[in-house]
Amino acid sequence: MKYISTRGSAPALGFEEVTLAGLGSDGGLYLPEAWPSFTRDQIAALAGLSYVETAVRVMAPFVAGSLSEEELRDLCTQAYGRFSVDAVTPLVQLDHQHWLLELFHGPTLAFKDVALQLLGLLFEKFLSRRDDHLTIVGATSGDTGSAAIDAVAGREKIDIFMLHPDGRVSDVQRRQMTTVRAPNVHNIAIDGSFDDAQALVKQMFNDPGFSSRFRLSAVNSINWARLMAQVVYYFYAAVRLGAPEREIAFSVPTGNFGDVFAGYVASRMGLPVRQLIVATNVNDILHRALSDGDYSQGKVVATATPSMDIQVSSNFERLLFDAGGRDGAALAEQMRGFEATKAMRLTNAQREGAAGLFSSARVDADGMTLAMRWAYEGGGQVIDPHTAVGLCAAKGADIDPAIPIVTLATAHPAKFRDAVERATGTRPALPARIGSLFDREEAYTKLPATFEAITGFVAEHATARG
Ligand SMILES: Cc1ncc(COP(=O)(O)O)c(C=O)c1O
Ligand SMILES: N[C@@H](CCOP(=O)(O)O)C(=O)O
């Protein structure tokens, strides 16, 4: 399998190189040259398989040429062996049409673990084949950071620098990052938003001297391997609910457009997905883009769903490329315009390409609260605020009642205890496997959100090549 960049001029790479590279050298994001396609029989044959076996079947075409099926199975067994339930991503029924897909049974209690536990092992495997060292630079609004740190802490040949917006993640999220004491882990709280952090990370990649001197790599969903691992749970859930005989809809609380793009990939591979509902909070750039073609960056507003407080959604570029006809040169031009003016209109081809599968909704604080109460009072389910944004959008969607709607439950409610308590009156306890998070000492460095400050810090603490 070869991968090409959305901006058309970076070299095509195999899976191993694409995983280590993270971002394209032209600033674009990598995608498979062509989508693998599953027949109805191949999808039907997933019924009854374990999560690990499903993962092996779904991901095998993407890793071809870099990993044997046995190697992939071994990595998946290790990665998903750290989840607290055998099903890894269990389904919970709420009523005749609505389901939750619980994605938070991994070590750091968010859906990011599903991909990052595997990515940490992929890095280790690929680095064992070469004499090289990786410097991971990442941006987090709370969950990617803790999941990535858990996945790579203490690993040889890797340093990780994780930027989070100071004061804009929950206490649990921050402590999950800053109490991990390993010499290769560096937490940085920037004086800015998640968007500022993500822009700084991309700027580091786009500086060829800096990027190759420190062999930069990515753990954010700009890294293709992240999305690949997330495609699996769409298949796993849909088959359990009757695919390929039955269509399924998914509602996805969305920020950086990674999770919902994985659903798009599943659909491109042949999974019968009726609709993907993109649920945003009031930081609604994606809702405006999908409903009106207006992709213009607003100011980030802090909400009770901090992980979705994002106004520039990296993976949207992948959709614009694929749904818009895969014209890398034209997209590079369009993205340059967006980077200069912070605004762009989707082309007709991009809008039409997205319209068949995607719908969107903007959910405010009242909608989120009502969804948390409905799940709790109606079915005894305590859900986190991000999941509630997805559920509110699912309940407002106009979809045939015979089609199941699966809302992705992206975080454990205990990560956002204050917001859950405000909405439902109940305060979820942190699972025992998290340990004594509030007794451990924190370590992080506060820095201004400038390229000079961040690169200076990375250069001081990372291992340079040569
Ligand atoms: C709990 C939670 N829900 C939803 C999202 C949004 O997912 P994505 O950025 O893949 O759209 C995030 C962050 O990514 C998150 O941490
Ligand atoms: N919500 C994320 C933001 C980063 O998104 P990613 O999926 O691109 O890593 C977070 O919690 O950090």
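In listed order, ligands and their atoms are each counted from 1.
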Is there a polar contact, in the sense of an N or O pair closer than 3.5 Å, between Gln198 and ligand 2?
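In fact, backbone or side chain, Gln198 has no N or O that close.
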Is there a nitrogen or oxygen of Ser307 sitting under 3.5 Å from a nitrogen or oxygen of ligand 2?
yes
Take Phe111 and Thr89, measure what side-chain contact (heavy atoms from CB on, under 4.5 Å) needs, and give me the verdict at the end.
CA-CA 9 Å; Phe111 77 99; Thr89 62; over 6 Å; no
Given that the side chain starts at C-beta and the backbone is N, CA, C, O, which of these parts of Asp143 lies under 4.0 Å from ligand 2, counting heavy atoms, or is it both or neither?
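Within the 4.0 Å criterion, Asp143 contacts ligand 2 through backbone and side-chain atoms alike.
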Which segment of Met308 sits under 4.0 Å of ligand 2 when only heavy atoms are counted
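No part of Met308 comes within reach of ligand 2.
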Numbering the atoms of ligand 2 from 1, which are under 4.0 Å from a heavy atom of [X]?
{"X": "Phe194", "value": "3 (C), 4 (C)"}
{"X": "Arg226", "value": "6 (P), 7 (O), 9 (O)"}
{"X": "Thr144", "value": "2 (C), 4 (C), 5 (O), 6 (P), 7 (O), 9 (O), 10 (C), 11 (O), 12 (O)"}
{"X": "Thr140", "value": "10 (C), 11 (O), 12 (O)"}

Report yes or no: does [X] have a heavy atom closer than 4.0 Å to ligand 1?
{"X": "Thr254", "value": "yes"}
{"X": "Lys112", "value": "yes"}
{"X": "Phe261", "value": "no"}
{"X": "Ser221", "value": "no"}

Going by an N to O cut-off under 4.0 Å, is there a salt bridge joining [X] and [Y]?
{"X": "Glu317", "Y": "Lys202", "value": "no"}
{"X": "Lys112", "Y": "Asp143", "value": "no"}
{"X": "Asp284", "Y": "Arg362", "value": "yes"}
{"X": "Lys415", "Y": "Asp384", "value": "no"}

Atom indices of ligand 1, in the order listed, that fall short of 4.0 Å to a heavy atom of [X]:
{"X": "Gly258", "answer": "8 (P), 10 (O), 11 (O)"}
{"X": "Phe257", "answer": "8 (P), 9 (O), 11 (O)"}
{"X": "Ala411", "answer": "1 (C)"}
{"X": "His386", "answer": "1 (C), 2 (C), 3 (N)"}

Does either side chain, that of Asp195 or that of Ser193, offer a donor lying less than 3.5 Å from an acceptor on the other one?
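There is no such pair between these side chains.
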Side-chain donor-acceptor contact under 3.5 Å, Asn315 with Asn256
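Per modelled atom types, Asn315 and Asn256 side chains form no pair under 3.5 Å.
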Sub-4.0 Å heavy-atom approach of [X] to ligand 2:
{"X": "Gln173", "value": "no"}
{"X": "Ser141", "value": "yes"}
{"X": "Gly142", "value": "yes"}

Can you report which non-hydrogen protein atom sits closest to [atom], along with the distance?
{"atom": "atom 10 (O) of ligand 1", "answer": "Asp259 N, 2.9 Å"}
{"atom": "atom 4 (C) of ligand 1", "answer": "Pro253 O, 3.4 Å"}
{"atom": "atom 15 (C) of ligand 1", "answer": "Ser307 CB, 3.3 Å"}
{"atom": "atom 2 (C) of ligand 1", "answer": "Thr410 OG1, 3.5 Å"}

Working note: Lys446 + Asp166, criterion salt bridge (charged side-chain N to carboxylate O under 4.0 Å, His left out); need CA distance, chi angles, decisive distance, verdict.
CA-CA 8 Å; Lys446 292 192 185 202; Asp166 194 16; 3.3 Å; yes
Check for a donor-acceptor pair, side chain of Ser251 on one end and backbone N or O of Leu391 on the other, with a separation under 3.5 Å.
no
Verify, without hydrogens or angle tests, whether Arg417 (side chain) and Val172 (backbone) share a donor-acceptor contact under 3.5 angstrom.
no
What about [X]: any of its N or O atoms under 3.5 Å from an N or O on ligand 1?
{"X": "Gly255", "value": "yes"}
{"X": "Ser141", "value": "no"}
{"X": "Asp143", "value": "yes"}

So among Leu408, Leu103, Val382, Thr410, which one has a side chain to side chain contact (heavy atoms under 4.5 Å, CB included) with Thr387?
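The side chain to side chain contact (heavy atoms under 4.5 Å, CB included) with Thr387 is passed solely by Thr410 among Leu408, Leu103, Val382, Thr410.
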Apply side-chain contact (heavy atoms from CB on, under 4.5 Å) to Gln93 and Leu241, showing your working.
CA-CA 11 Å; Gln93 185 160 21; Leu241 292 176; over 6 Å; no
For the rings on Tyr233 and Tyr236, is their centre-to-centre separation under 6.0 Å?
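So the answer is no for these two rings.
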Given Asn220, Ile310, Asn256, which has its nearest heavy atom closest to atom 8 (P) of ligand 1?
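The residue whose heavy atom sits nearest atom 8 (P) of ligand 1 is Asn256.
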Atom 8 (O) of ligand 2: which of Ala197, Ser221, Ser313 has the nearest heavy atom?
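Residue with the shortest heavy-atom distance to the ligand atom: Ser221.
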Does a sphere of radius 6.0 Å around CG in Asp95 hold more than 12 heavy atoms from other residues, nucleotides or ligands, not counting ones at 6.0 Å or beyond?
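It does: Asp95 CG has more than 12 such atoms within range.
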Do the ring planes of Trp224 and Tyr3 sit parallel (below 30°), tilted (30 to 60°) or perpendicular (above 60°)?
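Geometry flag for Tyr3 against Trp224: tilted rings.
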For ligand 1, is any non-hydrogen atom under 4.0 Å from Phe111's backbone (N, CA, C, O), its side chain (CB onward), both, or neither?
side chain
Working note: Thr254 + Asp259, criterion side-chain contact (heavy atoms from CB on, under 4.5 Å); need CA distance, chi angles, decisive distance, verdict.
CA-CA 7 Å; Thr254 303; Asp259 209 5; over 6 Å; no
Can Leu67 and Lys125 be said to form a side-chain contact (heavy atoms from CB on, under 4.5 Å), step by step?
CA-CA 10 Å; Leu67 289 174; Lys125 175 109 198 150; 4.2 Å; yes
